[in-house]
Amino acid sequence: MTEPHEARLIKLKKIQEMGIDPWGHRFPERQYVSEVRQRAGEVKYQLESGEQIDLPDLDAARAAGQPIDYRAWKAEQPPGEEVGPQVRVAGRIVLQRGQGKIKFITLRDWTGDIQIMIGKAQVGDRDFELSKLFDLGDWIGVEGRLGRTNTGELTVFAERLHFLGKTLEPPPEKHAGLQDPELRQRQRYLDLTYNRGVMDVFRARTKIVQSIRDTLNRRGYCEVEGPTLHTVAGGAAARPFKTYHNALDMPLVLRIALELHLKRLLVGGMERVYELGRVYRNEGISPRHNPEFTMLEAYEAFGDYKVMMELTEQIIVDALETLGRGYQVVWNDQTIDFTPPFQRRTYDELFAEATGLAPDDVQGIAEYARQIGLEPQGKHPDVVKSEVFEAKVEDSLQGPIFVIDYPASICPLTKRKPDNPAVAERFELFVQGMEIANAYTELNDPILQEELFRTQLEGQAEEDSMAKMDHDFILALRNGMPPAGGLGIGIDRLVMLLTGSRNIRDVILFPLLRPPQSAQEQTEAASVEPQESTPAKAT
RNA sequence: GAGGGUGUAGCUCAGUCGGUAGAGCAUCGGACUUUUAAUCCGUGGGUCCGGGGUUCGAGUCCCCGCACCCUCACCA
């Protein structure tokens, strides 16, 4: 009885016995599969006179489902032979078809697939013996001539084989791929290699992030790295992860936002500054929430929220262009039109449309809240209004739409409108019911800021509030922060929209999961003592 | 945190009314020099998520637990 992984160990040993290192070495001057494919036109049919003639368009015919019989085509030509360039490719074996003294392999690198033909007569006995020891998933390098098989498939006709890396575990099922969502996340490496489109999504993510940096750098922004260990979880309304520094004997939290340190840099004269980084929120997990996620925050001195609105549009439009996409994106069977300018509607307008209530009808809003199952009792009217807005308006915003001018009392870090202190100069961008961006004209008045930090809105737990006292931040503001616009964008959600992904875990390489049961037992066995936040005073 | 769903071979999945655990792919042995998910012949492979219970008998029914997925809540 030979189980798949045992068979692989046996082959590993046989490869070693042939004097070949099963873990490989560098393989210089290799060409990507995509590059090799671009050279398909160099494959010609050479007559005995030396004249070379082009092949018929075999790829187009195959793509159209009507493959040309290349063997028959060649038979019609004057005597001659196929010629093609020498190539060097490397990748993983994803399919193999043995056929007596020849063997076909589908080789995959991260640019695509290409077929390899290994003939005993062409590669010699030693390499052919080696090829019999190939398993699905192994890494190999191939030198050979690019050409066409009888059916017209572009193929590397191997002349020399290199073994680059053994795989000891069997790969997923070869047609269905890896379906189990848990395994796809735990073993992302298998998902990336064997499931169509996964690599594309993550490479698109990289392109989007690069595009965002390009857009900001072009506008004269400076990228910085703030601290991730904070003493106060400020800048957003979320529960933090708690941790502990032993040497300083000090409790710490992981940052929930980038905001307060970037504003300190505005005080320091970094007039255009941004950070693209991970933040951590100790909240629930859902298809739109992961405990750690990537945020962009950008601050521009002498700007305001309207400047940030334009910047937001620019960032998204540039990202779409970088992806080589138009402004129309299909997501969840719906078409989203990112053609700028995006729609702009005020908070109160949308609120009135959805509820039929006047935005200042405190009694009516409380009554409405009760009707839809919310509890208005003991809460500030703006908190109730905000809860109603979230329940009745946000989910229905297909967008892209900027919701502008929020109730000031729920925006403790935002400057108020000069002509109406009850309204804050803030916008949020919604697309498909998801909040993608959040921005405001930054509050730079240290006296008002301190007051807002002190005043806890009724009905809000301190942890749930954006207004957490941060004396060090107030001190910074007292040193003079220029008026500025600030912007935050949830990168993961933006990537979801631009790649058609419906679950945030499809755009995060390693989303948080509980450890698998076997590992959990090991962990428990290893750590009998609970090790949570144990101060190192004893040592 | 609440409700619903899923968990069977390495992978993808069947499994009827409670009655001997199944298929395809992969593996292993054999044939095959132009295949395309190659094909053909043959072979091995199971903690039916874990633990209890009911029963002569449990993959199947009941209870408890675990993981993942979905919806809702908190949140971006």
Side-chain angles (χ1 to χ4, degrees), chain A residues 1-8 10-11 62 67 69-71 74 94-106 113 115-122 128 135-137 147-155 157 168-187 190 194 236-239 256-257 279-296 373-374 387 390-391 394-395 428-430 433-438 461 463-464 466 488-494 496 502-505 511 513-521:
Chain A
M1 63 171 197
T2 313
E3 286 301 294
H5 63 274
E6 293 177 61
R8 284 162 188 264
I10 291 165
K11 288 180 194 164
R62 286 173 63 85
D69 187 341
Y70 179 50
R71 181 183 227 163
K74 280 192 289 192
V94 293
L95 290 172
Q96 54 178 350
R97 305 173 279 283
Q99 196 173 335
K101 295 186 180 62
I102 62 165
K103 179 170 192 172
F104 292 96
I105 283 173
T106 302
D113 290 359
Q115 177 166 269
I116 310 294
M117 198 206 78
I118 300 166
K120 189 173 183 177
Q122 289 77 34
F128 196 72
D135 281 308
L136 293 178
R148 299 278 182 175
T149 57
N150 283 344
T151 56
E153 169 112 9
L154 191 68
T155 300
F157 292 85
L168 297 178
E169 296 291 329
E173 210 272 344
K174 73 183 184 186
H175 325 124
L178 194 63
Q179 293 298 318
D180 184 335
E182 185 177 345
L183 287 180
R184 287 186 55 205
Q185 294 171 57
R186 285 193 197 287
Q187 297 188 282
L190 297 178
Y194 294 104
R239 286 155 202 266
I256 59 170
V279 298
Y280 307 85
R281 298 190 182 175
N282 208 338
E283 309 275 357
I285 294 174
S286 87
R288 281 160 293 281
H289 303 264
N290 193 60
E292 53 180 318
F293 63 101
T294 303
M295 280 269 290
L296 165 73
L374 297 173
E387 286 177 2
E390 279 165 23
E394 289 189 358
D395 292 351
E428 295 193 342
L429 174 65
F430 284 89
M434 286 193 291
E435 187 191 329
I436 302 301
N438 181 14
E463 265 190 331
D464 296 339
M466 245 191 247
I489 294 183
I491 299 300
D492 311 85
R493 288 181 173 181
L494 181 62
M496 283 171 71
R502 288 164 67 170
N503 193 311
I504 200 166
R505 276 166 252 146
L513 289 172
R514 284 193 159 84
Q517 209 144 30
S518 54
Q520 212 164 17
E521 284 157 12

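Chain naming here is simple, since letters A, B, ... match the order of the sequence lines and numbering starts at 1 in each. Bear in mind the structure is a predicted one, so any value in this text is a computation, not a measurement.
- Residue contacts for A:Asp69: at a heavy-atom cut-off of 4.0 Å it reaches no nucleic acid atom on any strand shown.
- Counting non-hydrogen atoms under 4.0 angstrom, A:Gly119 reaches nothing in the nucleic acid.
- Residue-level contact check: A:Phe293 touches the bases, meaning some heavy atom is under 4.0 Å from a base atom.
- Minimum atom distance to the side chain of A:Thr149 is reached by B:rU34, of the listed B:rC28, B:rU34, B:rA76.
- Legend: residues meeting side-chain contact (heavy atoms from CB on, under 4.5 Å) with A:Ala176, ordered by chain and number and at least two apart, are A:Glu173, A:Gln179.
- Taking the side chain to side chain donor-acceptor pair (under 3.5 Å) definition, one finds that A:Glu292 meets it with A:Arg278, sequence neighbours left out.
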Pairs under 3.5 angstrom, nitrogen or oxygen only, protein versus nucleotides 38-41 of chain B, please.
{"from": "B:rA38", "atom 1": "OP1", "to": "A:Lys174", "atom 2": "NZ", "distance (Å)": "2.8"}
{"from": "B:rA38", "atom 1": "OP2", "to": "A:Arg97", "atom 2": "NH1", "distance (Å)": "2.8"}
{"from": "B:rA38", "atom 1": "N7", "to": "A:Gly98", "atom 2": "O", "distance (Å)": "3.2"}
{"from": "B:rA38", "atom 1": "N6", "to": "A:Gly98", "atom 2": "O", "distance (Å)": "3.0"}

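- Once rounded to the nearest 0.5 Å, the distance linking CD1 of A:Ile118 with CD1 of A:Ile102 reads 10.0 Å.
- Shown here are the side chain to side chain donor-acceptor pair (under 3.5 Å) partners of A:Arg288, two or more places apart in sequence or in another chain: there are none.
- Of all nucleotides listed (B:rU35, B:rC69, B:rU71), B:rU71 comes nearest to the side chain of A:Pro287.
- Residues that satisfy the side chain to side chain donor-acceptor pair (under 3.5 Å) test with A:Gln115, not counting sequence neighbours, are A:Arg97, A:Thr155.
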Pairs under 3.5 angstrom, nitrogen or oxygen only, protein versus nucleotides 8-10 of chain B, please.
none

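- Side chain of A:Ala121, nearest nucleotide from B:rC68, B:rU35, B:rU33: B:rU33.
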